[in-house]
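One structure below.
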Number of protein chains: 2
Amino acid sequence: MATDRTRTAILNAAERLYAERGFSDVTLRDIVGEAGVNLAAVNYHFGSKDELIAELYVTRSIATNRIRLAELKAAEDAGGGRAPIEAVVRALVGPTLRGCLGPATENTTIARFMIRASIESVPPIRKIRNREISHLRRFAQAMKRSLPDAADVDIYWGLHFALAMAHQTIRDSERLNKLSEGACDLGDVEGVIERVVTAAALALTAGSPSSYKAPARAATARGRPTARD
Amino acid sequence: MATDRTRTAILNAAERLYAERGFSDVTLRDIVGEAGVNLAAVNYHFGSKDELIAELYVTRSIATNRIRLAELKAAEDAGGGRAPIEAVVRALVGPTLRGCLGPATENTTIARFMIRASIESVPPIRKIRNREISHLRRFAQAMKRSLPDAADVDIYWGLHFALAMAHQTIRDSERLNKLSEGACDLGDVEGVIERVVTAAALALTAGSPSSYKAPARAATARGRPTARD
DNA sequence: TTGCAATTCAAACAGTTGTATGAAACTATC
DNA sequence: GATAGTTTCATACAACTGTTTGAATTGCAA
């Protein structure tokens, strides 16, 4: 047993390769090659490839949420238990955006891995991911504290949209950069974060269709009546 | 040559299976089984699996964008060449959300396939997808017509965020449903569309961090200074 | 040192994948 | 109806995957 050196080397190598190349492009032989261990070590220490991925995901998601929740707690403590909604959103999306859009360092591998996990959704991860959402509940509660008058359903949609914008920005940054011909500066990480935070805060405070006075709607191309008319 | 019956059967079967199960879970043997043709027919008619996927994606993305652009044109014609920003966003995200969240019919397969293509990003598709963005330019121009005073960069971000919210809603609907304990009704497709449209319109009209007066920001957990301070 | 369990290793295994082959069946033209 | 070109078919192939095996090596306690 000793120090589980081999186990840790496998986990770290897998995290690095999955973060860089995604799950579908990385084989066990790639991982053990990167880790400098024997192929059979994976099944010896983890039982199977899926169990390796599951353990990797669990440990990394715990670490990620610890950072997010620490940032949330700091923001709430600074505000006497109630943080501005922007600060809550920032704690939710900031660490991931910084880790994925900022310069690649040792500390950013985990953010890039988690994004891969949320994008590719390989079976052993999907199960855990759809079951374990306690950190989202924590953030939803914090948002309710920030916006005590908001309806619950609006909170959930706002939280969902905040994650959506952050993830898609990471995922499709190349296309956004090409479309805008460089006008959308993804290198300005903190600027990107404020964009996402601002848009999410707007959706949370004024984004309910019922509370938002939309201009008269034009007919759709297919003339379909909409449910809210 | 005759009627290319086999070719079409392969394309349709591939579209259906990829839409339902994703790219990584569907093999050529699954496709030819569903199509009722011989395995070798794929390489005979398309050259390789990747070329089949590429052709499938090209034809389907053209069809999808034809629908979106027709809806956009109808909205602009109804407004004398300038549609409300909500209508532009609705034309962009409505067809996809209806196709993916609404009841599964023959006509919705294409929307579900396109979402898979945008989610899984398999190599032959990624190349095309990152190069061919003319439909996004069309929508960006329409948005500029709707909001002549908006800065270009805000338009691009708003367009990007609109797609982000729509895609993530399709992709992560299960988790949103669980988090909200059913409060976010994803069966009310038109209601979901209005949520996305409203949030995107808000981001487009008031979402620039410089134009949005955010409350004072709380310190982050790690005390990192932000670039915009 | 001796003995025993834990760990590592090279090699093989079984299954699946996309692709290639060559014969058979079909189609249309003369 | 014979023939040439196209399309279909069963089958084989080569490469790659995760997993298993059994022998070698290591580490540690007696």
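If you're wondering where the values come from, they're calculated on a predicted model, not measured in any experiment. Chain naming here is simple, since letters A, B, ... match the order of the sequence lines and numbering starts at 1 in each.
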Under 3.5 Å donor-acceptor, B:Glu86 side chain and B:Val88 backbone: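 Not at all, since once roles are kept as given, no pair shorter than 3.5 Å links the two residues.
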Return the value, rounded to whole Å, for the distance between atom [atom1] of [X] and atom [atom2] of [N].
X: A:Asp50; N: D:dT17; atom1: CG; atom2: C1'; result: 13 Å
X: A:Ile10; N: C:dT7; atom1: CD1; atom2: C1'; result: 11 Å
X: A:Arg5; N: D:dT25; atom1: CZ; atom2: P; result: 18 Å
X: A:Asn43; N: C:dC13; atom1: CG; atom2: P; result: 17 Å
X: B:Leu52; N: C:dT19; atom1: CG; atom2: C1'; result: 14 Å
X: B:Ile31; N: C:dG18; atom1: CD1; atom2: C1'; result: 11 Å
X: B:Leu39; N: C:dT21; atom1: CG; atom2: C1'; result: 13 Å
X: B:Leu28; N: D:dA15; atom1: CG; atom2: C1'; result: 15 Å

Salt-bridged, [X] to [Y], with N to O below 4.0 Å?
X: B:Arg16; Y: B:Glu34; value: yes
X: B:Arg90; Y: B:Glu194; value: yes
X: B:Lys178; Y: A:Glu132; value: no

Closest-nucleotide ordering on DNA chain D, the 5'-leading residue of A:Asp25 and A:Asn38: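 Closest to the 5' end, via its nearest nucleotide, is A:Asp25.
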Below the 4.0 Å mark, does D:dT8 have OP1 or OP2 next to a side-chain nitrogen or oxygen of B:Thr6?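 It does, given that an N or O in the side chain of B:Thr6 lies less than 4.0 Å from OP1 or OP2 of D:dT8.
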Is the distance from OP1 or OP2 of D:dT6 to the nearest side-chain N or O of B:His45 less than 4.0 Å?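 For D:dT6, neither OP1 nor OP2 has a side-chain N or O of B:His45 closer than 4.0 Å.
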Nearest-nucleotide pick for [X], side chain only, options being [options]:
X: A:Tyr44; options: C:dA11, C:dT19, C:dA6; value: C:dA6
X: A:Thr27; options: D:dT17, C:dA6, C:dT19; value: D:dT17
X: B:Ala40; options: C:dT8, C:dG18, D:dC9; value: D:dC9

Given that B:Asp30 and A:Gly36 both sit by DNA chain C, which one's nearest nucleotide is further toward the 5' end?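 Checking each residue's closest nucleotide, the 5'-ward one belongs to A:Gly36.
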Between atom CG of A:Leu11 and atom NE2 of A:His45, what is the distance when rounded to the nearest 0.5 Å?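 Nearest 0.5 Å value for the CG-NE2 distance: 10.0 Å.
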